[in-house]
Amino acid sequence: MDAHEEWIIRGGNVVLEDEVAKMDIAIRDGKIAEIKDCISGMSASKIVEADGQIVMAGVVDIHVHLNEPNFGHWEGFETGSAALAAGGCTAYADMPLNGNPPTVTLDALRHKERLAQGRSAVDYALWGGLVPGRMDQLRALADAGVIAFKAFMSNPGGEGEGRFREVGADELREGMRHIAGLGGLLALHAESDEMTSRLTAEALAAGRTDAAAYALTRPVEAEFEAVASALALAEETECPLHFVHISSPEAVDLIQDAKLRGLDVTLETCPHYLTLSEEDMIRIGPAAKCAPPLRSAFLIEGMWERLKAGAIDFIASDHSPCPEAMKAVTEGDGFFGAWGGIAGAQSTLLLMLEEGWIKRGIPLPQLSKLLSERPAGRFGLGRRKGKIQVGMDADLVLIQPSSPHVLRREDLLQRHRHSPYIGRIFSCSVAATYCRGRLVYTSEGGIVSPGAGRRLTPLKPHTAGRSGEVVAP
């Protein structure tokens, strides 16, 4: 249906801020116009009957890698956004890597803008990057509307001229000062490069190239040490900070202590750190390889405890795809030679419903905050995205709660159909996804509005925690 039509979702179990209630939702001009027990359908062009279904705010996935320009053969805007829409996501933020050139200059940002326009199924924002030698580009990127900046404290991988590179301590301090001065926000991949490089060299020298050895080269201590260093720099520079894909309870606790001291800092974790263990990585193979690596079952339960307690700010997929051939164990390098990244864009919502709501009894409003409201608010998309409320964009996902199915390879809409979740049984399914009132995905028809997504840019770039943003025409 057209985004400008007036229509109604009737009788769904609507996930609101603090409750789930059987309600009707009226959508007008792509926005939520009314939420009531019963809305007359006299002027509606269409009524969608949602009796028995759950209606949630669309997922806001703040951490995905769609790899354009020049690496669209890994994943591009068309296929990546299709997978996101099929998973109930209505807005996402594309990271400044692994495309080449990375989004660390204004020219690179403009190039990516052109590539994305008219090719994304749902709305999107773009990250900028902090890398050595490009400090002079930060202001231009901020003025052009990147939602925040991303940096690595350890080697991000990838080869070739122009690829994204990590920053050292001095560069990180300088970058934080620049970003703080812009009213910006810096996100960090936090692992100690010294520790991971040394342990990797030792493992390879000993002839250890298996999955268990890989996990040992990136221990919790490497994450903890890098987080502690970054927090000290944030305190010194007063730079708002966000930690991506935190994998350990120890790091969560360290960040929580910093919040209590008054630091402007948040953290995300990913579904794979809540649902897959180190043992799963060994069993599944390179499809489950990522950095930081998967942790023990004991640490996974520690992460769930902190999530329930509110110490984890939100969930992001860190969808990091590649051609399937790159996920193979290689001769000589073994497990170490496989690309490290989880392809999970399509499964985030269903995993959180299965493991959080069904198995652990976490209330749906709390899960919706983790998946939608908090990431939208932290990165300046909260005026229009992230919750079901009058005046917000009609970004909605309809979920069939009693629809058990096994995830099959052919169900995936991403470019390369590999995932550590293939074969997993889900109790729920995504029935439909709407972005600004426009139907973009149905379980029967797949993507029905390709290219309907628009770019999101902050109303006031780089004021962490702000609530306003604009949509690019």
Side-chain angles (χ1 to χ4, degrees), residues 62-63 130 148-156 166-173 175-177 179-180 184-199 215-274 277-278 290-316 318 369-370 374-375 377-379 464-465:
I62 214 71
H63 188 162
L130 169 64
F149 296 93
K150 167 76 176 292
F152 274 71
M153 299 177 73
S154 59
N155 189 330
E166 71 274 17
V167 289
D170 291 340
E171 294 161 327
L172 183 55
R173 177 183 286 105
M176 282 187 174
R177 284 179 176 150
I179 292 166
L185 174 64
L186 177 66
L188 282 174
H189 178 128
E191 290 182 285
S192 165
D193 190 60
E194 184 282 326
M195 188 181 300
T196 57
S197 296
R198 173 174 51 81
L199 292 173
L216 292 173
T217 66
R218 307 186 90 97
V220 167
E221 290 79 8
E223 182 173 70
F224 187 92
E225 181 179 301
V227 167
S229 298
L231 289 171
L233 288 174
E235 199 156 15
E236 174 188 332
T237 61
E238 299 185 346
C239 181
L241 207 56
H242 175 70
F243 289 99
V244 298
H245 52 53
I246 291 295
S247 67
S248 63
E250 294 87 343
V252 174
D253 292 345
L254 190 61
I255 296 164
Q256 184 71 2
D257 288 344
K259 291 179 188 177
L260 295 175
R261 296 199 311 274
L263 266 66
D264 185 355
V265 57
T266 50
L267 74 102
E268 71 190 48
T269 193
C270 306
H272 41 275
Y273 297 121
L274 296 168
S277 68
E278 180 182 341
C290 54
L294 301 176
R295 305 299 188 189
S296 69
F298 175 78
L299 292 181
I300 289 171
E301 290 309 311
M303 292 292 284
W304 278 109
E305 289 171 9
R306 284 150 181 83
L307 184 149
K308 290 178 185 177
I312 291 172
D313 295 289
F314 48 84
I315 307 296
D318 190 11
K369 287 180 173 67
L370 288 161
R374 289 179 187 161
R378 180 57 161 163
F379 290 95

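Keep in mind that what you see is a predicted model, and the values were worked out from it rather than measured. Heavy atoms only: backbone and side chains are in, while hydrogens, waters and symmetry mates are out.
Residues that satisfy the side-chain contact (heavy atoms from CB on, under 4.5 Å) test with Ser296, not counting sequence neighbours, are Phe298, Leu299. Under the side chain to side chain donor-acceptor pair (under 3.5 Å) criterion, Thr217 pairs with no residue at all, not counting sequence neighbours. Annotation: salt bridge (Lys or Arg N to Asp or Glu O under 4.0 Å) contacts of Arg173 (sequence neighbours excluded): Asp170, Glu236. The ring pair (Phe, Tyr, Trp, His ring centres under 6.0 Å) search around Phe314 returns His242, not counting sequence neighbours. In this view, Glu268 satisfies the salt bridge (Lys or Arg N to Asp or Glu O under 4.0 Å) rule with no residue, not counting sequence neighbours. The ring pair (Phe, Tyr, Trp, His ring centres under 6.0 Å) search around His272 returns none, not counting sequence neighbours. With sequence neighbours left out, the side-chain contact (heavy atoms from CB on, under 4.5 Å) criterion links Ala230 to Met153, Leu188, Leu241, Phe243. Scored by the salt bridge (Lys or Arg N to Asp or Glu O under 4.0 Å) test, Glu235 finds Arg261 as partners (sequence neighbours excluded). Applying the side chain to side chain donor-acceptor pair (under 3.5 Å) test to Asn155 and every residue at least two apart in sequence or in another chain returns Arg165. Evaluation of the salt bridge (Lys or Arg N to Asp or Glu O under 4.0 Å) rule for Lys369 yields Asp18 as partners, not counting sequence neighbours.
At a threshold of 4.5 Å between non-hydrogen side-chain atoms, the residues Leu186 and Leu172 count as touching. Side-chain contact check for Pro219 versus Leu199: some heavy-atom pair is nearer than 4.5 Å. For the pair Arg378 and Leu185, the minimum side-chain heavy-atom distance is below 4.5 Å.
The main-chain N or O of Ser192 is never found under 3.5 Å from a side-chain atom of Ser154 such that the two would form a donor-acceptor pair. Thr196 places a side-chain N or O within donor-acceptor distance of the main-chain N or O of Asp193, the cut-off being under 3.5 Å.
Around atom CD of Glu238, no more than 12 heavy atoms belonging to other residues, nucleotides or ligands sit under 6.0 Å away.
The salt bridge (Lys or Arg N to Asp or Glu O under 4.0 Å) pairs that include a residue from residues 215-231 are Glu191-Arg218, where partners are two or more places apart or lie in different chains. Residue pairs meeting the salt bridge (Lys or Arg N to Asp or Glu O under 4.0 Å) criterion with at least one partner in residues 305-316, sequence neighbours excluded, are Asp253-Arg306, Lys259-Asp313.
Summarising the geometry of Arg295 relative to Val220, their closest heavy-atom pair is NH1-N, 3.6 Å, with the distance given to 0.1 Å. Across all their heavy atoms, Leu263 and Ala234 have their closest contact at CD2-CB, 4.3 Å. Considering all non-hydrogen atoms of both residues, Ala190 and Ala226 come closest at C-CB, 3.5 Å. Here the closest heavy-atom approach between residue Ala297 and residue Ser277 is recorded as N-CB, 4.3 Å. In plain terms, the two heavy atoms of Ala151 and Leu130 that are nearest each other are CB-O, 3.7 Å. Nearest heavy-atom pair, Tyr273 versus Ile300, reported as atom, atom and distance to 0.1 Å: O-CG1, 3.7 Å.
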Problem set entry | Step-by-step side chain to side chain contact (heavy atoms under 4.5 Å, CB included) determination, Leu267 to Val227 | CA-CA 11 Å; Leu267 74 102; Val227 167; over 6 Å; no

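Here Ile312 contributes atom CD1 and Arg374 contributes atom CZ; the two are 10.5 Å apart, rounded to the nearest 0.5 Å. Taking CG of Leu370 as the start and CD1 of Ile315 as the end, the distance is 5.0 Å to the nearest 0.5 Å. Summarising the geometry, atom CG belonging to Leu231 is positioned 9.5 Å from atom CG belonging to Asp257; distances are rounded to the nearest 0.5 Å. Distance check: Thr269 OG1 to His63 NE2 gives 11.5 Å after rounding to the nearest 0.5 Å. Separating the CD1 atom in Ile255 from the CG atom in Leu260 is a distance of 12.0 Å, to the nearest 0.5 Å.
Ring-plane geometry between His189 and His245 is classed as perpendicular, the angle between the planes exceeding 60 degrees on a 0 to 90 degree scale with a lower cut at 30.
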